[in-house]
Enquirer: 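Sharing a structure below in structure tokens format, with a few things to ask.
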There are 2 protein chains.
Amino acid sequence: MNLKHVALQARVSTATVSRVVNDTRFVEKSTRARVVKAIEELKYHPNLHARSLAGGKSRTIGVIASNLENPFFFDIYKIIESDAHSRGYEVMAANTDYRSEQLIASLRLMIGRRVAGLAVIVSEMAPELMDELNDARIPVVFYDVGTPRGNVTNIRVNYRRGIEKVVDYLYSLGHRRLGFIGHHAILGPINERIKAVMDAVARIPSLEVRTAADADTLEGGRQAARQLLSNGYEPTAIICVNDVTAVGALRELRERGIRVPQDMSVTGFDNVKLSEFCYPALTTVHIPREQIGHIICESLMSKSGKWAAAAAGIVIDPELVLRDSTGPAPPGEPAANQANGKGDTLVEGTRRPAVRGCAPAR
Amino acid sequence: MNLKHVALQARVSTATVSRVVNDTRFVEKSTRARVVKAIEELKYHPNLHARSLAGGKSRTIGVIASNLENPFFFDIYKIIESDAHSRGYEVMAANTDYRSEQLIASLRLMIGRRVAGLAVIVSEMAPELMDELNDARIPVVFYDVGTPRGNVTNIRVNYRRGIEKVVDYLYSLGHRRLGFIGHHAILGPINERIKAVMDAVARIPSLEVRTAADADTLEGGRQAARQLLSNGYEPTAIICVNDVTAVGALRELRERGIRVPQDMSVTGFDNVKLSEFCYPALTTVHIPREQIGHIICESLMSKSGKWAAAAAGIVIDPELVLRDSTGPAPPGEPAANQANGKGDTLVEGTRRPAVRGCAPAR
DNA sequence: GGTGCTAGTGTAAGCGGTACCACCATTGGT
DNA sequence: ACCAATGGTGGTACCGCTTACACTAGCACC
């Protein structure tokens with residue numbers, strides 16, 4: 001069951017067995033064959049803990065995400081995993097569920113495992129934790145939180161700019177009363193996102209907005225929509241913090257007999273695959289998850305720190321993707337300025353001719 | 001930054017530090033305080049590899065799934081994770097992407113890490129691997145593959161029965177030409193599933209069916225639907241291997257102007273949350289993922305093997321869930337027997353009155 | 001005043017590998 | 001014939017931690 005047993009069986013020393021297993025140095029063919037045979041007979045599987053301990057260096061990189069259930073996170077995870085595998089690394093994932101205690105636990109776990117690198121893709125990040133991480137001397141990449149320091153790289157998305165594009169676009173369609181659907185995440189960045197929405201709206205005097213929040217799930221989006229619409233407030237467009245919650249909101253609207261986009265426009269965020277497959281397809285904001293994943297791997301695993309240094313300040317400018325869930329504000333609303341005068345770079349999605357009358361009868 | 005350093009700093013022995021860290025035995029208050037202080041000052045994080053190695057026993061359980069991107073797998077994973085955490089275990093996940101080499105790699109990884117238990121939720125499983133696992137003396141639970149043996153428990157879903165219920169239901173609605181959308185999984189069980197479909201159809205003489213397959217993703221479902229419909233074959237109902245591919249198929253149909261369920265009925269499988277949120281909501285078959293997750297944890301982590309023994313033969317009988325994606329076969333089809341005479345247990349989903357005319361104009 | 005507990009602590013033997021070093025044959029060069 | 005490489009192998013000191021065991025006080029009990 002361990003090296004010694006195999007060595008005994010193959011009548012060699014443990015060192016030689018180790019050489020065979022790791023394919024290092026020169027081992028005579030016949031000896032190697034004996035060892036391989038012994039390994040198979042004894043069904044020997046090297047103890048990875050012992051290996052890591054003795055070897056000192058780890059070949060695994062950790063990924064901590066807020067909610068792997070959301071394809072946004074999972075897509076990034078997958079990229080990291082495939083990049084890592086192709087370089088001979090393993091990947092360990094951990095979910096925080098937006099809970100900071102869980103983040104702490106996961107962080108300590110990763111440090112305890114002495115991972116070779118760590119990607120932290122969460123919205124809840126306390127400064128103390130960053131210190132703790134910094135002292136652990138592990139290469140770290142943060143997405144969307146934290147600040148670059150010694151061994152930590154930082155990738156940011158200009159979320160604010162993305163929201164502005166959405167708001168401007170909705171404004172150009174004549175929408176004046178907006179709703180925002182967020183998700184529960186008590187700490188920093190999410191509030192920062194709500195703030196981004198508030199600020200984007202505040203730039204334009206005639207706009208107003210109300211917010212609601214629930215879990216970062218389909219059901220959460222639905223609940224938030226319900227909450228948003230339950231107070232007599234009647235927005236003509238709902239901006240959702242991401243595509244998943246947007247799909248949740250779509251369902252609530254459908255069940256209320258509110259047609260999208262005729263009666264109500266809805267926007268998502270992230271441009272997750274699902275946003276193309278739901279009905280109606282979501283107007284959303286594209287976040288280049290693939291690129292993000294690659295950058296993370298690059299700065300975590302490339303020997304030269306050059307790239308990492310370059311990436312230390314990377315900020316991504318997201319693009320608007322137009323699909324079928326947005327349209328002109330319903331008539332009876334304040335006169336609309338239909339021109340899209342903002343000069344934003346719009347990416348035309350797989351948009352089809354306006355769709356009519358598709359909500360189920362109540 | 002190891003035990004010794006801490007011991008030195010706190011002027012105690014390494015054993016005492018270990019006792020403090022693990023909260024075992026009796027350590028005097030003042031001593032403990034000194035140690036804790038030293039730990040914090042030195043930002044000490046115990047090396048988990050060393051711990052596992054020295055301790056001998058592991059507190060982590062492994063989960064290997066075919067495609068964690070599919071909520072079916074992820075839901076089970078989440079249950080396992082939460083159950084495990086509440087018992088003080090860690091969880092390590094691995095994805096195989098339906099690739100058997102990846103399965104082998106993941107399996108060896110888990111064995112190498114000496115996990116305390118292993119849940120294998122995949123469709124690709126070669127017998128040799130089962131042997132290898134069996135010899136590793138690790139408690140294992142298989143979902144849907146393998147056979148119970150020494151330390152392996154087995155959970156099965158009567159997939160065949162589920163498919164029969166779907167076929168019978170569609171038949172009762174007058175459908176005679178069916179399509180089946182699967183996904184690429186070369187090995188055993190999936191073919192077994194296609195076989196289940198074939199058999200279920202073969203029971204009823206007037207039925208015919210054709211199949212298509214692509215990846216287990218939204219896009220894959222769409223491609224498979226495209227493939228299915230591209231040969232001049234005109235089914236009136238499409239049975240999908242799971243909800244995700246069904247949602248993919250829905251999109252393809254929508255884009256072709258084929259109305260669901262008026263022109264075409266579509267069914268999913270699994271009853272994933274998404275199946276309620278897509279449009280139209282999917283008629284599907286409920287697989288109790290929560291129960292499955294709990295059973296897995298129970299048989300992996302309960303000290304008494306009683307439960308495990310009981311679970312060794314567990315077979316789950318899935319239930320049909322009716323929603324909006326199925327309806328009577330379009331007129332012009334062979335006379336339909338509208339009665340649902342099969343006496344199946346049907347679960348009435350959140351079904352709303354028949355919906356009309358909702359596909360976008362082409 | 002021994003004897004037997006118990007609480008509190010130190011010592012050191014592993015856990016299963018890795019990797020450095022030493023050693024022994026062969027070689028081949030001079 | 002001698003020495004230096006070189007291929008192939010064994011010996012063994014760690015890696016950082018847990019844990020059995022030993023030891024020391026202090027205290028209650030005959």
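Chain identifiers are assigned alphabetically (A, B, ...) following the order of the sequence lines, protein sequences preceding nucleic acid strands; residue numbering begins at 1 within each chain. Remember, predicted model here, so these are calculated numbers, not experimental data.
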Enquirer: To the side chain of B:P46, which of C:dC20, D:dC17, C:dA12 is closest?
Expert: D:dC17
Enquirer: Main chain of B:H183, side chain of B:D216: is a donor-acceptor contact present, judged purely on distance under 3.5 Å?
Expert: no
Enquirer: I want to verify a distance call: between D:dG10, D:dT18, C:dG17, whose nearest atom is closest to the A:A54 side chain?
Expert: C:dG17
Enquirer: When B:N151 is tested against each of B:N134, B:L133, B:I138 for side-chain contact (heavy atoms from CB on, under 4.5 Å), which residue passes?
Expert: B:N134
Enquirer: Atom CZ of B:R51 to atom P of D:dG16: distance rounded to whole Å?
Expert: 15 Å
Enquirer: Among the nucleotides D:dG10, C:dT11, D:dC17, which one has an atom lying closest to any side-chain atom of B:S13?
Expert: C:dT11
Enquirer: To the nearest Å, how far apart are B:N2 CG and D:dC14 C1'?
Expert: 12 Å
Enquirer: Please classify the nucleic acid contact of A:T16 as base, sugar-phosphate, or nothing, using heavy-atom distances under 4.0 Å.
Expert: sugar-phosphate
Enquirer: Which residue, A:A15 or A:A50, contacts DNA chain C at a nucleotide closer to its 5' end, judged by nearest heavy atom?
Expert: A:A50
Enquirer: So, is A:N47 near the phosphate of C:dC15, with a side-chain N or O under 4.0 Å from OP1 or OP2?
Expert: no
Enquirer: Answer with base, sugar-phosphate or nothing: what part of the nucleic acid does B:K29 contact at a heavy-atom distance below 4.0 Å?
Expert: nothing
Enquirer: Using a cut-off of 4.0 Å on non-hydrogen atoms, how would the nucleic acid contact of B:T24 be classed: base, sugar-phosphate, or nothing?
Expert: nothing
Enquirer: I want to check one thing: is the phosphate of D:dT18, taken as OP1 and OP2, less than 4.0 Å away from some side-chain N or O of B:S18?
Expert: yes
Enquirer: Is a donor on one side and an acceptor on the other found under 3.5 Å between the side chain of A:S66 and the backbone of A:S123?
Expert: yes
Enquirer: Would you kindly give the CG-to-P distance between A:L42 and C:dG17, to the nearest whole Å?
Expert: 12 Å
Enquirer: Would you indicate, yes or no, if D:dT12 has its OP1 or OP2 atom less than 4.0 angstrom from a side-chain nitrogen or oxygen of A:K4?
Expert: no
Enquirer: For the pair A:E298 and A:R87, find out whether any cationic side-chain nitrogen is under 4.0 Å from an anionic carboxylate oxygen.
Expert: yes
Enquirer: May I ask you to verify whether the side chain of A:R114 and the base of D:dG16 hold a donor-acceptor pair under 3.5 Å?
Expert: no
Enquirer: Closer than 4.0 Å, any side-chain N/O of B:T31 to the OP1 or OP2 of C:dT9?
Expert: yes
Enquirer: Kindly point out which of D:dT19, D:dG10, D:dT18 is positioned nearest to the side chain of A:V12?
Expert: D:dG10
Enquirer: Using a cut-off of 4.0 Å on non-hydrogen atoms, how would the nucleic acid contact of A:V21 be classed: base, sugar-phosphate, or nothing?
Expert: nothing
Enquirer: Please report, rounded to the nearest Å, how far the P atom of C:dG16 is from the CD1 atom of A:I39.
Expert: 16 Å
Enquirer: What is the separation between atom CG on A:L53 and atom P on C:dA19, rounded to the nearest whole Å?
Expert: 12 Å
Enquirer: Which part of the nucleic acid, if any, lies within contact of A:S52, taking any heavy atom under 4.0 Å across all strands shown: a base, the sugar-phosphate backbone alone, or nothing?
Expert: nothing
Enquirer: When you measure only distances, ignoring hydrogens and angles, does the side chain of A:R32 come within 3.5 Å of the base of D:dG8 through a donor and an acceptor?
Expert: no
Enquirer: Nearest whole Å is fine: how far is C:dC24 P from A:E28 CD?
Expert: 18 Å
Enquirer: Are the side chains of A:Q9 and A:K37 in contact, using a 4.5 Å heavy-atom criterion?
Expert: no
Enquirer: Whole-Å distance between D:dG11 P and A:R19 CZ?
Expert: 11 Å
Enquirer: What is the distance, rounded to the nearest whole Å, between atom CZ of A:F26 and atom P of D:dG7?
Expert: 5 Å
Enquirer: Say whether, by atom type as modelled, one donor and one acceptor occur between the side chain of B:R289 and the main chain of B:I76 under 3.5 angstrom.
Expert: no
